[in-house]
Amino acid sequence: MLDNIRSAFNVGGIFRTADGVGVEHLYLCGITPVPGVHPALAKTALGAENTVPWSSHNNALSVAENLREQGVTLLAVERTPESIPIQDCSLSRFDDRKIALILGHERAGVDPGLLALTDAVIALPMVGGKASLN
């Protein structure tokens with residue numbers, strides 16, 4: 001789930017990554033650019049926007065609540081005091097349920113309302129000067 005990602009280049013890169021790792025569906029929420037509207041997305045997605053199923057939604061909270069009702073585990077990727085470093089996160093603790101990763105705005109991060117709905121918050125350790133990959 002991509003919530004309020006502002007850069008079409010970032011979304012295109014996420015489409016390409018999603019294709020490479022076999023993501024079943026991308027939920028594009030809020031202001032997140034969608035395929036067919038933003039040429040920069042297609043430029044970086046390199047066709048993955050045509051192979052990865054996606055849908056567009058105004059409200060990420062509604063999508064997250066719906067996924068929870070379906071028994072999907074919600075994991076936010078965000079740096080918080082409670083975050084679990086990704087190398088310490090065992091996915092087996094979620095009983096083989098489907099998992100939705102939530103990625104937030106490049107500067108503001110994952111919406112606090114979404115964080116409150118998650119089963120866990122995981123973080124990618126960053127050792128450089130930047131606090132984010134995007």
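Below, all heavy atoms of this structure are taken into account, side chains as well, without hydrogens, waters or symmetry copies.
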**Request:** For Asp19 and Ala48, work out which heavy atoms get closest and say how close.
**Result:** CB-CB, 3.8 Å

**Asked** What's the spacing between Leu103 CG and Met1 CE if we round to 0.5 Å?
**Response** 10.0 Å

**Prompt:** Excluding sequence neighbours, so at least two apart, what forms side-chain contact (heavy atoms from CB on, under 4.5 Å) with Thr80?
**Reply:** Glu78, Glu82, Ser83, Leu115, Val121

**Prompt:** Is there side-chain contact between Val11 and Leu2, with heavy atoms separated by less than 4.5 Å?
**Reply:** yes

**Message:** Would you compute the distance between atom CG of Leu101 and atom CD1 of Ile122 and round it to the nearest 0.5 angstrom?
**Reply:** 5.5 Å

**Message:** Tell me whether Val37 shares a hydrophobic cluster with Tyr27, the cluster being built from Ile, Leu, Val, Met, Phe, Trp, Tyr side chains joined at under 4.5 Å.
**Reply:** no

**Request:** Would you please name every residue forming a salt bridge (charged side-chain N to carboxylate O under 4.0 Å, His left out) with Glu24, sequence neighbours left out?
**Result:** Lys98

**Message:** To the closest 0.5 Å, what do you measure between CG (Leu114) and SG (Cys29)?
**Reply:** 8.0 Å

**Item:** Contact check, side chains of Asp111 and Asn4, non-hydrogen atoms, under 4.5 Å
**Value:** no

**Prompt:** Can you tell me if His57 and Ser62 form a side-chain donor-acceptor pair at under 3.5 Å?
**Reply:** no

**Asked** Taking side chain as C-beta onward, heavy atoms only, is Phe15 less than 4.5 Å from Val23?
**Response** no

**Request:** Could you tell me whether the side chain of Val110 reaches within less than 4.5 Å of the side chain of Asp3, counting heavy atoms only?
**Result:** no

**Asked** Taking the side chain from Glu49 and the backbone from Gly47, do they hold a donor-acceptor pair closer than 3.5 Å?
**Response** yes

**Message:** So Ile102 and Leu75, do their side chains get closer than 4.5 Å, heavy atoms only?
**Reply:** no

**Prompt:** Is the closest side-chain heavy-atom distance between Glu106 and Asn10 below 4.5 Å?
**Reply:** yes

**Asked** How many angstroms lie between CG in Leu28 and CG in Leu41, if you round to the nearest 0.5 Å?
**Response** 8.0 Å

**Prompt:** Would you say the side-chain atoms of Arg6 pair up with the backbone N or O of Thr32, donor to acceptor, closer than 3.5 Å?
**Reply:** no

**Request:** Indicate yes or no for a side-chain donor-acceptor contact from Asp119 to the backbone of Leu74 under 3.5 Å, with no hydrogens or angles considered.
**Result:** yes

**Asked** Are Leu46 and Trp54 in one and the same hydrophobic cluster, where Ile, Leu, Val, Met, Phe, Trp and Tyr link if side-chain heavy atoms are under 4.5 Å apart?
**Response** no

**Request:** Locate the shortest heavy-atom distance separating Thr44 from Ala8; write the atom from each residue and the value.
**Result:** OG1-O, 4.0 Å

